[in-house]
Number of protein chains: 2
Amino acid sequence: MSDWTRDFAILDALDEASRAQLLTHSHAMQAPAGTVLFREGSPCQAYLFLQEGQIRVQKVGENGREITLYRVENGQTCIVTTACLMSGNDYDAEGVAETAIQAQALPIPAFRQLLASSAAFRDFVFRAYGSRIADLLLLIEEVSFGRIDQRLATCLLQRARGQNVLSTTHQELAAELGSAREVISRQLKEFERRGWIRLGRGQLQLLDSDALQQLAGK
Amino acid sequence: MSDWTRDFAILDALDEASRAQLLTHSHAMQAPAGTVLFREGSPCQAYLFLQEGQIRVQKVGENGREITLYRVENGQTCIVTTACLMSGNDYDAEGVAETAIQAQALPIPAFRQLLASSAAFRDFVFRAYGSRIADLLLLIEEVSFGRIDQRLATCLLQRARGQNVLSTTHQELAAELGSAREVISRQLKEFERRGWIRLGRGQLQLLDSDALQQLAGK
DNA sequence: CCGAGGTCAGTGACTAGGTCACACAGCGGC
DNA sequence: GCCGCTGTGTGACCTAGTCACTGACCTCGG
């Protein structure tokens, strides 16, 4: 068994006994892209350390509209899972693997035990948890008070990550922002009219990132 | 010093040593109604057990619009505070005493120490924390996908708590829901037109709670 | 190669909700 | 009574979401 804990920078401070516990009690798991890892109402069984891939956590409304709450990436853990573990409630959001994923799962009893025995582990868990709450509050602020064009611009820049072509559908962007496909289509059309982007089926090219940046940062 | 820990049902399971620690390290504090307990950017210094009164935690947008995130009531603790304590970040929301409050404050070092030494204390903290996350997710869902008339109806019933007259302004209701005063005024007018409520300056009377209930529960 | 069916995007008409500007009513203090 | 403050009402306008429908492109099977 390789010592995957070394890949989690924040576990550096972990004492050797706790590290050993973590290694013996956790088990590797993987899932292909598209797997629904949990949905609303599922019970929560293990604490997850994500080693490879990306998980999108979202809320789905009755009318079918979706909104992405946050993403879990390499070396992170899932806050909703943590919340469920700690409160003992079922999941109240949905988690989907966006790419193939590779993770380590730590079952509840071992999780509780480690939480009790290791200050460093507690610190890791809490720090991750606390900073995600901040993200959720920010999301509430944006959804409540933000403009959709601004949020869309931000979203495009985030997804592009320096690249200037990104492959995605209007529907996906809408689900990301909790908006409707038509609204996104119209906004993108407007961006194109202004010469900021070029639209294509299933993809879109950034022509003027600076303009987007300026809109996003307003 | 009276043993206020007895007032917190969930602290029942606390062992005597931890209880004694809690008592010696915490100090009483109070504040009159309207006090701003913390705002965005304030550092967080203590874990709070609210003994008396009510705290509203809200986000304030740039344009001055507000939205209530949740309330802390008798015998509860403040999740954002917990999050800040655990992650070490500053507050990213604002807390206002809605009534005069009486609380016990537990400074960070003692908080961390108790978290380390007492499983029961950990359980208390986590359980409170986890269930509040669920509230936040629900709020995101409502703000993103919910209808304002429905949310307003729910809000009226909650505030009324069985009474049929409640004293509040349209502005306050708007701040509660993260909406605009005019929107709330118009909705209330519509409710009145339907004979569900009667409007008065600074107050409002519920005439047909059942109708509101039905709208709220749809 | 062609057509069927699926996915993706575009569009007009309409509704819900938020913004702005302003009028006016109730109410307390002088 | 008059002033000034707070709370409410309202019309015009704008942004965002909904609904219904069209057409473009893509793949796959015949």
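This is a predicted model, so every value here is computed, not measured. Residue numbers begin at 1 in each chain, while the letters A, B, ... track the order of the sequences.
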Inset, instruction - Would you tell me if any nitrogen or oxygen in the side chain of A/Ser179 comes within less than 4.0 Å of OP1 or OP2 on D/dA16? - result: no

Legend entry - Distance in angstrom units between B/Glu182 CD and D/dG11 C1', rounded: 12 Å

Inset, instruction - Side chain of A/Thr169 only, please: which of D/dT15, C/dA9, C/dG17 is the nearest? - result: C/dA9

Inset, instruction - Using atom CZ of B/Phe145 as one end and atom P of C/dG17 as the other, report the distance to the nearest whole Å. - result: 15 Å

Legend entry - Donor-acceptor pair present, A/Arg186 side chain and D/dT18 base, under 3.5 Å: yes

Inset, instruction - Look at the side chain of B/Arg201 and decide which nucleotide, out of D/dT18, C/dA9, C/dC27, has an atom nearest to it. - result: C/dC27

Inset, instruction - Mark yes or no for a side-chain to base donor-acceptor pair under 3.5 Å between B/Arg181 and C/dG18, with no hydrogen or angle criteria applied. - result: no

Legend entry - Rounded distance in Å - NZ (B/Lys189) to C1' (C/dA25): 12 Å

Inset, instruction - Could you check which of D/dT18, D/dT8, C/dA16 has an atom nearest any side-chain atom of B/Ser185? - result: D/dT8

Inset, instruction - Return the orientation label for the A/Phe111 and A/Tyr47 ring planes: parallel under 30°, perpendicular over 60°, tilted otherwise. - result: parallel

Inset, instruction - Quickly work out the A/Gln187 CD to C/dA9 P distance and round it to whole Å. - result: 16 Å

Inset, instruction - Consider the side chain of A/Ala180, meaning its heavy atoms from C-beta on, and name the nucleotide among C/dG17, D/dT18, C/dA9 that approaches it most closely. - result: D/dT18

Inset, instruction - Figure out the CZ/C1' separation between B/Arg193 and D/dT10, and round it to whole Å. - result: 16 Å

Inset, instruction - Return no unless some side-chain N or O of A/His170 is found under 4.0 Å from OP1 or OP2 of C/dG10. - result: yes

Legend entry - Euclidean distance, atom CZ of residue B/Arg65 to atom P of C/dG18 [Å, nearest integer]: 6 Å

Inset, instruction - Find the distance B/Asn63:CG to D/dC14:P and express it as a whole number of Å. - result: 19 Å

Inset, instruction - Report the distance from atom CZ of B/Arg151 to atom C1' of C/dG17, rounded to the nearest whole Å. - result: 12 Å

Legend entry - Sole candidate of A/Gln58, A/Glu98, A/Gln76 that passes side chain to side chain donor-acceptor pair (under 3.5 Å) when paired with A/Arg71: A/Glu98

